[in-house]
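To start, the structure itself, in structure tokens.
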Amino acid sequence: MSSPIDISDDTVYISDDDESFDQEASQRKPKRYGQIYITDDEDEEPETSVHEKNNRQAVLKNLFPNIKHDNSTDDEEEEPTISVTKKNNRQMLIKNLFPNLKDTYDTVADLVTPVTKQFEHVMMIGGVSVVLPVKPYGCQIAVMSKVITAIKDKKHCLLESPTGTGKTLALLCAALAWQKKERDVISEGQAKQSMAQYPELNKLEGAAEYIASPKKIEIESAETFFMKRVHGDRSIYDSPQKQNINTSMNKRNEPDSDSIYGSPEDGLVTLQKKVRYNTPPTQKTPEMPSTPEKWKLPEEVTPEKVSVPIIYYGARTHKQIQQVVSEFGRTVYCEQAQMSLLSSREHSCLREYDRSQWPTKNDMCSSCIKPLSAADKIAKNQDTNCKFYDNRKALNCKALPRAFDLKKLVEIGERIVACPYYATREMGKVANIVFCPYNYLIEPTIRKNMSIDLKDNVVIIDEGHNIEDICRDAASFSFNRDQVNNAIKELEILTTFRYAVTTMMTYIMNLLSALKQWDLWFANHNRLVDEQPVNGMEATYTWKVEDFVKTLNTHNIGEAQYGVFNMSAEIFCRKFREDQRTLVGVTQTTSTLVESLDTVLGYLFRCSGIYLDDFKPVLVAKLKSEVRGPNAWRTSQFNKVAEKEPVTLRLICMNPAVVFAGLHPARCIILASGTLTPKISMQSELATDFPLQISPKHIIPSDRVWIGSLYSCPDGSRLDCTSNGTKQTAVQDALGEAVLSVCRVTPHGVLCFFPSYQRMNSFIQRWKQIGLWGRVEGTKNIFIESNDAKDHEINMEDYYECVGTGMGALLCAVYRGKVAEGMDFKDRQARAVITIGVPFPSKFDIAVSEKMKFNDKYLKKRNLLSGDEWYRVQAYRALNQAVGRCVRHVGDWGAVLLLDARFREPHYTQHLSAWVKEYLGCNHHTLASLVNGSNSLKSFMEEMTRRENQ
């Protein structure tokens with residue numbers, strides 16, 4: 001008699017009785033390294049008569065004619081019930097194999113049984129049961145009510161909720177609760193319809209549950225499922241594959257199939273039935289698709305309506321998405337809803353990038369994932385030149401936590417050598433909720449490249465106060481003659497490979513002809529900008545859009561030729577995305593140029609030119625950096641040979657509704673932020689009706705927040721923080737003294753926001769000259785926001801470490817930068833926020849000045865804000881975002897100091913956030929009263945520090 005343990009290829013098979021072990025059965029199993037299989041004969045089906053089984057098989061065959069059924073013998077002898085002695089022997093064997101584990105079934109079962117979270121707060125909102133991990137605030141309940149109503153009634157919603165009120169958690173729980181209910185309703189309707197259509201199903205135990213199941217991937221066949229015996233609690237003898245487990249153990253690098261769900265975990269006890277001698281292998285039945293929400297099943301199996309809307313959750317940056325995913329991980333829906341996270345190759349490509357070999361990471365990726373020849377595949381044991389791409393399917397929902405951010409995604413991808421970029425795109429096909437930067441949802445070219453379909457799905461745009469700017473930028477396009485010439489060269493080289501591009505030759509020649517006409521257009525119009533004066537280091541020439549279109553028609557690149565160009569561009573770009581091998585020598589830059597040009601010309605010429613007036617064509621020539629300096633303007637004005645950069649054509653979109661209209665096919669759009677005021681502007685600018693709106697109050701008690709302003713310099717003069725005022729040394733010195741005073745009385749972290757990088761650098765230079773900077777360094781560790789993404793991450797890590805020390809830290813940042821827009825500074829990380837001036841956009845920016853003119857022109861016709869009012873709103877939204885970095889939750893506390901004399905005037909507080917305006921009141925100070933006066937900043941800090949220490 002052979003041993004009950006068989007060890008082969010690092011795989012351990014354990015039989016539960018003394019019968020001979022079936023070597024053939026083990027050889028038929030897929031090769032798995034480092035796993036243990038325990039065969040178990042006790043779970044055989046109870047004895048059933050042949051007549052009853054035949055009847056059951058006949059019913060199933062009628063119901064599911066397209067599914068092959070189990071051909072195993074019906075009269076196979078059943079195994080006797082396992083004895084207590086044998087169970088004890090098995091337990092001892094497991095104990096020997098796993099000496100660190102306690103010898104109870106429950107302990108071993110804990111390895112494969114997911115931990116169930118306890119959620120105590122369940123609320124019925126709008127007919128939907130919502131489960132929250134914490135007791136919700138009143139403002140959260142109001143937000144969830146609006147969100148559920150919006151999704152149910154297919155209406156758009158504007159949601160303005162102050163920072164720190166739990167907006168993100170409310171958005172997630174409400175949307176996912178509605179999605180779960182919708183999934184349950186569809187499943188129940190599915191079951192009722194099938195039970196009514198096939199009365200025979202009533203005779204089958206578990207039939208309704210099977211049909212209503214939202215996931216059928218783990219069910220081998222309909223017959224097997226219906227004939228399965230009902231078991232009690234799970235134990236070590238249940239297969240881990242059938243338990244939806246989530247474990248931190250390492251996963252196998254290579255899945256056995258193309259399923260994104262991957263394979264069982266290495267190192268776990270894997271259970272399987274022992275195959276007897278002379279028993280034919282069970283015929284494998286087709287796997288049912290995993291989520292009926294995304295995949296269509298045969299009509300005989302699944303009723304017609306199985307679609308559950310996907311939730312697309314967009315935020316401005318990946319740092320914000322990290323915070324959102326963290327909130328998602330706190331919810332019960334994290335265990336029920338599959339997530340995915342989309343990102344660019346810049347963030348998620350793991351292959352080392354060589355700038356000397358490829359122009360961009362996109363070009364590197366496109367080149368490396370080309371399939372190798374048959375000989376190279378054998379020699380390299382790879383399908384492509386990228387090992388990460390080849391192993392992309394190993395990075396799946398089984399290899400990842402239920403909630404993962406970009407950092408965790410890349411970390412696990414590196415560990416198992418799998419591509420995060422392509423893995424998450426695959427996971428997105430079956431996800432219930434997809435997180436991404438919201439420009440992925442807004443920009444039509446990115447939606448197309450990422451295969452994002454918003455039709456009938458739910459779109460949530462968080463921190464959407466910049467949505468107007470994002471939409472205008474998405475429809476705007478800039479390019480120069482050098483880029484056109486580079487594209488021409490690449491296409492001309494491509495035409496020499498006639499055999500490789502035979503089917504594409506017509507389209508390539510069409511594009512080549514159009515680009516050559518654009519080159520001629522630049523040659524004929526460059527002189528126009530050369531004759532213009534220089535303002536703000538650039539010379540510009542603007543057209544009326546009608547006159548610009550006439551110049552295009554003259555060069556045969558106008559409306560009459562657009563149809564041919566559009567067809568050629570779409571085919572060319574699709575070919576580039578799907579099979580770049582045939583487009584020899586074409587880079588991502590050329591493909592992007594063609595696609596972007598096609599998009600913006602489409603806005604001009606499609607739909608009978610209804611968007612024609614929404615664009616402003618501008619020729620721009622910037623001075624080269626070599627001639628910049630204090631006398632650059634004089635050189636450019638009076639010396640016509642001053643060198644300029646290549647002339648650029650900018651097609652600037654004035655109307656964000658041009659792009660936002662692409663989101664209208666969605667079931668509903670929920671636009672959320674802490675600063676959407678004035679909401680009427682948001683509706684008119686986006687040309688979208690938002691019938692549901694809400695603006696709950698802040699939850700922070702008034703005694704935990706101090707908000708004041710500084711209106712004078714030490715000498716008593718007005719603290720004028722306008723663009724011209726901040727050029728005065730007296731004002732710069734006063735601002736430095738104010739920053740020093742705040743740092744002296746404030747413990748831990750202080751944030752200070754400047755109007756721009758240029759202004760911040762000039763202030764710091766002045767403070768160093770007068771010795772003020774050294775005095776500030778004596779009170780706080782100082783950090784300065786960086787434009788570079790990597791430097792920014794390092795700075796922030798160092799800042800977070802320093803704020804907890806006795807000295808604390810000061811972080812100097814700019815409005816509209818990474819720090820101001822959505823980063824989370826809670827508790828000691830930001831006990832005070834200092835804002836300098838009001839960040840009005842520069843009117844020297846041609847896009848700003850032309851937008852103001854556009855709004856004045858269509859003020860009444862489109863119900864827009866006037867140009868001046870629009871200009872003011874842009875400034876205060878940026879200011880309110882910076883102020884919102886303080887007080888992030890109900891138990892937090894902090895202070896906000898507004899440095900500008902203008903805040904004493906009601907006109908300049910009109911667009912402050914409601915809670916800021918309320919707490920500010922008449923709390924205006926001089927530099928002396930800021931420290932020693934009534935309701936001073938110093939007294940507030942001392943009181944709150946005392947409370948905190950208690």
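Note that the numbering runs from 1 along the sequence shown for the chain.
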Compute whether any side-chain donor of one residue and acceptor of the other, for [X] and [Y], lie under 3.5 angstrom apart.
{"X": "D363", "Y": "S366", "answer": "no"}
{"X": "Q881", "Y": "N466", "answer": "no"}
{"X": "D827", "Y": "H889", "answer": "yes"}

* Where do Y815 and R877 land on the side chain to side chain donor-acceptor pair (under 3.5 Å) test, with the steps shown first? -> CA-CA 10 Å; Y815 296 109; R877 281 183 179 157; over 6 Å; no
Please say whether more than 12 non-hydrogen atoms of neighbouring residues, nucleotides or ligands are located less than 6.0 Å from [atom1] in [X].
{"X": "K679", "atom1": "NZ", "answer": "yes"}
{"X": "K361", "atom1": "NZ", "answer": "yes"}
{"X": "K370", "atom1": "NZ", "answer": "yes"}

For the residue pair [X] and [Y], does the interplanar ring angle fall in the parallel (under 30°), tilted (30 to 60°) or perpendicular (over 60°) class?
{"X": "F825", "Y": "Y800", "result": "tilted"}
{"X": "H664", "Y": "H156", "result": "parallel"}
{"X": "F660", "Y": "F690", "result": "tilted"}

* Would K167 and E327 pass as an ion pair if we require N to O under 4.0 Å? -> no
* Between E793 and K818, does at least one N-O distance fall below 4.0 Å, as a salt bridge requires? -> no
Close side-chain approach of [X] to [Y], heavy-atom, < 4.5 Å:
{"X": "H792", "Y": "M823", "value": "yes"}
{"X": "R316", "Y": "Y438", "value": "yes"}
{"X": "T168", "Y": "Q323", "value": "no"}
{"X": "Y333", "Y": "L172", "value": "no"}
{"X": "P359", "Y": "Q588", "value": "no"}

Partner residues of [X] under the side chain to side chain contact (heavy atoms under 4.5 Å, CB included) criterion, sequence neighbours left out:
{"X": "S476", "answer": "I652, C653"}
{"X": "S367", "answer": "W358"}
{"X": "N795", "answer": "S786"}
{"X": "A832", "answer": "V742, T746, V750, M941"}

* **Listed partners of T424 passing side chain to side chain donor-acceptor pair (under 3.5 Å), at least two apart** => none
* Output field: ring centroids Y313/F328 closer than 6.0 Å -> no
* To do: Keeping to residues at least two apart or across chains, list the side chain to side chain donor-acceptor pair (under 3.5 Å) pairs with something in residues 441-450.
  => N449-R577
* To do: May I have the step-by-step check of salt bridge (charged side-chain N to carboxylate O under 4.0 Å, His left out) for K319 and D405, ending in yes or no?
  => CA-CA 9 Å; K319 189 66 177 178; D405 57 21; over 6 Å; no
